Amino acid sequence: MDTNSNNNENYLSDWLADKLTDQQLRAIVGESEFVAYERLKNSIGRLQVEDPDLARNYAAIKQKRIDKFKPEVRPTMSLYHYAAIAATLLLFFGMFQFFVFSNHVETAVGKPMLLAMSDGSKVRVNANSRLEYPSLFKYNRKVCLEGEAFFEVEKGGSFKVETSIGTVEVLGTKFNVFARGSYFEVVCYEGRVKVVLNDKSEILENGQAIRLYKGNKETWIEDDVQPHWLSGESSFLHAPLGQVLAQLESQFGHQVQYPKSLEHIRFTGSFTHSDLDISLKTICIPLNLKYQIAEGKIIISE
Amino acid sequence: MVIIFIIMSLTDQKADSLLCSETVFKSVFESHFKLLRNFLIFRYKNVERAEDTAQNAFVILWENCGLIKPEQAKSFLFTTAIRLSLNLLKHDKVVTNYELQSRSNGQHQESPEFLMVERELKIQLEKAINALPEKQRTVFLMNRFEKQSYSEIAALLDLSVKTVEKRMHLALLSLRKVIKNV
């Protein structure tokens, strides 16, 4: 017993590990207890747990390995749930912003303006035009236009230009919209835009242009990379004269009077924004018209 | 634990390792699954839950196969399984659903009386073992059923050999107290 005095406290574990002989244990616990322990040890030694089905377990591991790469159904569902709630809130917030905090710019006669939008897009608003846009433009890219503007749209979600006549939805980057009165014109300079007119939509590719005049749709190809008005000129391709003269009014601020019969004559050409006299010449000479300026009014006659 | 999280966070750098080959992984599975699963049975007293946790530990081993050498797999599996079982153990008391079996012993014919007494003792032992505190039962059965030495158990369960010895001693002492008519 003395030899094992330092292991005394765990004598049973020593005995189970054969570090303590039967005799030594007998000396510690006494004969009858030793027999009982011996009996327990043997009985426990005859027991075991059922062996696992290795093939089934291996198959289960393989399956779990595969399943881990699939999205789990429940968390995804609840994620959708949260996304839906978030989207709804954003929608309401967006509408609130749109209706309550809508901003607008109005350009004066002869004073085009460059707008840098919060999403990085640029809008050049031509003279005598009005553009409305929501405060949170970055999240709700939708503007209302009366007049003319050239858009350079940053990549992002949908970008819409609404006018009283039709809607232009951007699928690409640069385009010009003209909407005044019943006249509507869209030129796409880069990428693609979708034009919605009377519930019919049309996609304009690079360089294509469309106009709605007197209820008729006309399309043509525009060769330039940007509208002429950006470089101080108004340019027209087979445009009705009424439109050309309205543009002249916008740029120079003089009222233009002309006989009704001239309104629908088509004009191809351009006029500068810097000199009224030269502009009037470039319009009137090719069409064989006369003009005079009196009391701030421009009077055009055949 | 911390080491495991570090290992797991490095999983992206999956190198070509032996363990990532299906054959090596399968042989690791064949040599360690039974021990790991039985250890978890001792812990949970529930076969399904033990097998589920053991499988999960192997799945995690597979995900980290690029960082672990086959000889490190056993200790990784146990550390992982213990971590996985911590929450399960805390929360609910699972109904015991495992039974002990007698080892087939074809060597000598036992008398019918002996077998009867043995059967009686087996039932008592089963009860007594299940009534042991979880820590004692796990260590005790790892040694008695799975033939793991004290130092092996100490290494696998991250205990000192002294603690293992203490638990062995206490376990046998309790069993003796419960089973009076041996």
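Chain A is the first sequence line, chain B the second, and so forth, proteins listed ahead of strands; every chain is numbered from 1. This is a predicted model, so every value here is computed, not measured.
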In Å, rounded to the nearest 0.5 Å, how long is the span from [atom1] of [X] to [atom2] of [Y]?
X      : Y       : atom1 : atom2 : value
I44(A) : K122(B) : CD1   : NZ    : 13.5 Å
K64(A) : D52(B)  : NZ    : CG    : 3.5 Å
S13(A) : H169(B) : OG    : NE2   : 7.5 Å

When only pairs under 4.5 Å are counted, which of [options] shares the most heavy-atom pairs with chain A?
options                         : answer
Y150(B), F25(B), F29(B)         : F29(B)
K166(B), M168(B), R167(B)       : K166(B)
F140(B), F33(B), F42(B), F58(B) : F33(B)

Is L141(B) in contact with chain A via its backbone, its side chain, both, or neither, using a 4.5 Å heavy-atom distance? neither
Region of L100(B) that comes under 4.5 Å of a non-hydrogen atom in chain A: both
Taking atom [atom1] as the centre, does [X] end up with more than 12 heavy-atom neighbours from other residues, nucleotides or ligands that are less than 6.0 angstrom away?
X       : atom1 : value
N42(A)  : CG    : yes
K160(A) : NZ    : no
K200(A) : NZ    : no
K135(B) : NZ    : no

I would like to know whether Q55(B) and K62(A) meet side-chain contact (heavy atoms from CB on, under 4.5 Å); could you show each step before the answer? CA-CA 9 Å; Q55(B) 289 163 9; K62(A) 280 186 126 179; over 6 Å; no
Got a sec, which residues hit side-chain hydrogen bond (donor to acceptor under 3.5 Å, both in side chains) with D119(A), two or more places apart in sequence or on another chain? S121(A), R141(A)
Can we say R65(A) and E63(B) salt-bridge, meaning some charged N sits less than 4.0 Å from an Asp/Glu carboxylate O? no
Let me see the working for L12(A) and R176(B) under side-chain contact (heavy atoms from CB on, under 4.5 Å), right down to the final yes or no. CA-CA 11 Å; L12(A) 288 174; R176(B) 173 69 192 106; over 6 Å; no
Is there side-chain contact between [X] and [Y], with at least one heavy-atom pair below 4.5 Å?
X       : Y       : result
L172(B) : Y11(A)  : no
N10(A)  : K162(B) : yes
R144(B) : Q48(A)  : no
I61(A)  : N56(B)  : no

Restricting to pairs with a member in residues 27-40 of chain B, which pass side chain to side chain donor-acceptor pair (under 3.5 Å), not counting sequence neighbours? D51(A)-K34(B), R37(B)-E51(B), N38(B)-E146(B)
Step-by-step side-chain contact (heavy atoms from CB on, under 4.5 Å) determination, L175(B) to Y37(A): CA-CA 9 Å; L175(B) 293 180; Y37(A) 280 126; over 6 Å; no
